[in-house]
4 protein chains.
Amino acid sequence: MSTTEKRHIDPDRALVRRKQVLDAAAACFGRSGFHGASMAEISKAAGMSAGHIYNYFDSKDAIIAAFVEQNVERVSQLMRDLEQQADPLQSMVDDAPRHVREHLDPNTWPLALEISAEAARNPKIAEVVRDADVRARVQFRAILKSSRERHGLAVDSDTLDGLLDAMISLFQGLDVRVVHNPNVNEPALARYMGIAMKAMLFS
Amino acid sequence: MSTTEKRHIDPDRALVRRKQVLDAAAACFGRSGFHGASMAEISKAAGMSAGHIYNYFDSKDAIIAAFVEQNVERVSQLMRDLEQQADPLQSMVDDAPRHVREHLDPNTWPLALEISAEAARNPKIAEVVRDADVRARVQFRAILKSSRERHGLAVDSDTLDGLLDAMISLFQGLDVRVVHNPNVNEPALARYMGIAMKAMLFS
Amino acid sequence: MSTTEKRHIDPDRALVRRKQVLDAAAACFGRSGFHGASMAEISKAAGMSAGHIYNYFDSKDAIIAAFVEQNVERVSQLMRDLEQQADPLQSMVDDAPRHVREHLDPNTWPLALEISAEAARNPKIAEVVRDADVRARVQFRAILKSSRERHGLAVDSDTLDGLLDAMISLFQGLDVRVVHNPNVNEPALARYMGIAMKAMLFS
Amino acid sequence: MSTTEKRHIDPDRALVRRKQVLDAAAACFGRSGFHGASMAEISKAAGMSAGHIYNYFDSKDAIIAAFVEQNVERVSQLMRDLEQQADPLQSMVDDAPRHVREHLDPNTWPLALEISAEAARNPKIAEVVRDADVRARVQFRAILKSSRERHGLAVDSDTLDGLLDAMISLFQGLDVRVVHNPNVNEPALARYMGIAMKAMLFS
DNA sequence: CATGAATGAGGATTCATTCAT
DNA sequence: GATGAATGAATCCTCATTCAT
């Protein structure tokens with residue numbers, strides 16, 4: 001998954017332009033979805049002619065791919081943050097409310113859903129998403145392993161596999177949940193999320 | 001629940017035709033997504049001319065809406081099944097592996113995701129989905145309430161709110177998870193799902 | 001090179017429509033060239049919406065290919081006519097004026113040129129054109145061989161090769177010539193064409 | 001002959017630049033045709049920015065026109081060469097094989113065809129091409145006249161008209177021929193070309 | 001002189017929808 | 001009821017051309 005698509009004389013300016021487009025795309029994608037957002041819509045939001053966008057991206061699909069790549073990188077950042085914690089297991093439980101709040105943020109979840117839905121049928125996007133997932137799981141697994149060892153808990157492969165995916169599933173479910181129930185009782189939900197996490201992490 | 005779309009001479013035949021279309025649509029939507037599936041594709045799958053479909057549905061959006069409505073009803077059926085159990089709380093925990101398996105079935109999750117993503121941007125679909133969710137939560141809440149009372153557990157409103165959404169979130173997350181990690185370790189995941197559910201349901 | 005592109009319930013009507021499009025295309029191609037003619041232009045000339053044309057042709061390129069195929073078939077017809085003659089060699093010489101006149105017809109040559117120019121860079125068209133040329137040469141060669149044998153002239157392979165291509169070249173040159181000199185002195189030209197042909201055919 | 005396109009500080013440098021562009025254009029036009037070659041392609045081949053080309057040419061059409069003009073001048077050079085010969089008629093016949101070889105050269109004929117095809121629909125190009133043709137015919141006619149007089153052959157206007165166009169036609173046909181039959185038997189063809197030329201020139 | 005970023009009109013193509021039969 | 005021919009608006013994308021630097 002390439003980082004720079006075209007050669008430009010001034011790479012900084014080009015990067016700014018690419019960001020402009022991706023930011024505009026984020027807004028449009030959130031509003032209308034990948035397929036609902038037209039290049040015209042995106043170009044207007046980016047303050048740039050539609051034709052010019054093609055100096056920075058090969059196609060609309062390339063914009064979608066770049067956008068997905070960018071979004072998918074945020075998970076790795078999360079992992080790095082978690083790594084810094086003294087006791088990651090406890091931190092996760094303690095930070096549950098914050099993470100819940102973030103996952104319920106209406107600027108985030110429509111895009112997360114859109115990405116997953118797209119990945120479900122677009123193999124190119126699926127690849128991006130799955131590669132990122134592999135990387136994130138590797139990081140997460142290492143964190144869980146060392147933390148659990150310190151707590152004297154099991155760290156066999158199956159255990160880590162299950163814990164890993166169950167934990168992530170719990171959070172990814174939030175993005176879906178809020179679509180179906182926008183009036184979710186956040187504190188109450190966070191409390192139970194904490195209960196579930198604690199049970200899993202320390203079993 | 002907007003069922004009466006058109007007037008027909010023979011309502012039974014009309015119903016058969018509508019079902020034909022919806023079944024075809026299900027296949028096409030699963031393969032190509034709501035926007036990727038064309039009316040031509042659907043009409044071919046339905047063994048019916050494209051034009052004729054418009055005798056049963058006002059528009060493609062109407063087909064999507066009807067399809068979503070139909071899909072969303074399956075949750076209610078689940079609730080009714082659960083209601084029949086002697087000890088629903090324990091049944092849920094015990095049945096975790098089966099539910100996990102079902103949610104990881106590749107015939108199901110792409111559509112679940114597609115529906116959620118569509119609901120995130122199409123208000124009409126959002127309404128359908130949210131109405132169904134309200135109804136499902138009412139049913140689920142009643143089941144949880146009576147079961148937990150029998151177990152001497154708290155049944156205050158906040159508790160039920162949180163438990164409800166956390167439980168559903170956990171399962172809805174599976175549909176997303178499998179997209180990102182198609183090689184998920186199912187038994188291991190099911191085990192931890194069970195742990196999380198048990199902790200939540202009996203807290 | 002396929003003959004029927006799409007399936008239609010009424011093949012006759014479809015054929016009429018295809019012909020409509022090809023006739024319109026002929027006019028537009030003659031006026032503006034393959035690339036200069038837009039689908040909008042063609043559709044207007046065909047009395048049919050641009051979108052509808054795609055029910056009969058896969059793409060604009062397919063229209064070009066079909067058009068070329070159709071044009072290229074006329075040479076075979078010429079060969080069949082020639083075959084009927086009692087003394088093909090003499091007929092060719094005698095009919096020189098008529099053939100010259102036909103090649104100078106302004107409805108014909110722009111398209112012949114356009115086809116050759118397109119074949120020079122479009123491999124798909126080149127194939128069509130070359131296949132037709134092979135077939136035409138096979139027919140022409142047989143005619144020349146038997147006629148020359150009857151006249152007691154050489155019919156070795158090289159002789160036929162050279163005679164063949166030189167004869168065709170002479171006529172194909174006319175299409176080019178008339179572009180460069182639209183005021184060509186037709187009878188005078190025809191006379192010298194006859195001289196050249198006679199010399200070649202009977203050497 | 002419209003040479004003075006723009007005013008430049010250093011006319012020599014400008015001429016060099018124009019040549020750069022025309023050479024690049026020749027390569028691109030040969031590869032992709034007039035319409036297939038983009039300004040971006042040409043500018044890259046010319047080692048010059050697309051924008052800068054517009055300091056030397058008013059438009060892409062102006063480049064095409066200049067390119068055609070330049071190409072079309074080569075015929076005059078041929079005439080001058082021919083003029084130098086002791087017996088031009090015999091020289092033509094003798095040099096037939098060389099001329100055939102040159103006309104079959106794949107670096108030449110695609111452009112000749114492209115030019116003729118363009119002239120068939122672009123009046124501006126048609127004018128350039130026809131003007132050049134008039135001049136070439138004047139030169140050729142003078143050569144033929146004096147040579148034929150020396151040989152005691154007819155030199156009336158009609159005779160020269162016919163001979164002229166038939167001779168040129170024969171050669172222009174080669175450019176077309178080779179597109180349709182790339183495996184042309186060159187020596188055999190040259191032999192028959194010689195036969196035809198001899199018959200015409202000395203009749 | 002020279003660049004290449006930026007524009008915007010125009011092109012091919014798709015597709016939901018209509019309607020005569 | 002049922003067809004599929006027909007429409008036309010909308011979409012992505014290309015490219016000649018301009019212009020600030």
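Values reported hereafter were calculated over all heavy atoms of this structure, with side chains retained and with hydrogens, waters and symmetry mates removed. Letters A, B, ... are given to chains in the order of the sequence lines, protein chains preceding strands, and every chain is numbered from 1.
What separates CZ of D/F34 from P of F/dA16 is a distance of 14 Å, to the nearest Å. Computed from coordinates, the D/I63 CD1 to F/dC15 C1' distance equals 13 Å when rounded to whole Å. In this structure, C/K60 places its NZ atom 17 Å from C1' of E/dT14, rounding to the nearest Å. Computed from coordinates, the D/H35 NE2 to E/dG10 P distance equals 15 Å when rounded to whole Å. When rounded to the nearest whole Å, the span between CD1 of D/I64 and P of F/dA16 equals 9 Å.
Of the candidates C/I63, C/L22, C/N71, C/V68, C/I63 is the only one forming a side-chain contact (heavy atoms from CB on, under 4.5 Å) with C/F29.
With sequence neighbours left out, the side-chain hydrogen bond (donor to acceptor under 3.5 Å, both in side chains) criterion links A/R130 to no other residue. In this view, C/H35 satisfies the ring-ring contact (aromatic ring centres under 6.0 Å, His included) rule with no residue, not counting sequence neighbours. Shown here are the side-chain hydrogen bond (donor to acceptor under 3.5 Å, both in side chains) partners of C/D23, two or more places apart in sequence or in another chain: C/K19. Every side chain to side chain contact (heavy atoms under 4.5 Å, CB included) that B/A26 has, sequence neighbours left out, goes to B/F67. For the side-chain hydrogen bond (donor to acceptor under 3.5 Å, both in side chains) test, no residue two or more places apart in sequence or in another chain qualifies with A/R17. With sequence neighbours left out, A/A24 forms a side chain to side chain contact (heavy atoms under 4.5 Å, CB included) with A/I42, A/A45, A/A46. The side-chain hydrogen bond (donor to acceptor under 3.5 Å, both in side chains) check on A/N122 picks up A/E118, with sequence neighbours excluded. Every residue meeting the side chain to side chain contact (heavy atoms under 4.5 Å, CB included) condition with C/S49, not counting sequence neighbours, appears here in chain and number order: C/H52. Listed by chain and residue number, B/D175 satisfy the side chain to side chain contact (heavy atoms under 4.5 Å, CB included) test with B/A112 (two or more places apart in sequence, or in another chain).
Of the residues in residues 37-45 of chain C, those placing a heavy atom less than 4.0 Å from an atom of DNA chain E are C/A37, C/S38, C/M39, in numerical order.
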Considering only nitrogen or oxygen atoms on both sides, find all protein atoms under 3.5 Å from nucleotides 6-10 of chain F and state each distance.
unit_1: F/dA6; atom_1: OP1; unit_2: C/R13; atom_2: NH2; d: 3.0
unit_1: F/dA6; atom_1: OP1; unit_2: C/R17; atom_2: NE; d: 2.8
unit_1: F/dA6; atom_1: OP1; unit_2: C/R17; atom_2: NH2; d: 2.3
unit_1: F/dA6; atom_1: OP2; unit_2: C/R17; atom_2: NE; d: 3.0
unit_1: F/dA6; atom_1: OP2; unit_2: C/H52; atom_2: NE2; d: 2.3
unit_1: F/dA6; atom_1: OP2; unit_2: C/Y56; atom_2: OH; d: 2.7
unit_1: F/dA6; atom_1: O5'; unit_2: C/H52; atom_2: NE2; d: 2.9
unit_1: F/dT7; atom_1: OP2; unit_2: C/S49; atom_2: N; d: 2.8
unit_1: F/dT7; atom_1: OP2; unit_2: C/S49; atom_2: OG; d: 3.4

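The CZ atom of A/R13 lies 15.5 Å from the CZ atom of A/R18; values are rounded to the nearest 0.5 Å.
Listed by first residue number, the stems of DNA chain F with at least three Watson-Crick or G-U pairs below 3.5 Å are E:2-21 with F:2-21.
In this structure, A/Y54 does not reach the F/dT14 phosphate: none of its side-chain N or O atoms is under 4.0 Å from OP1 or OP2.
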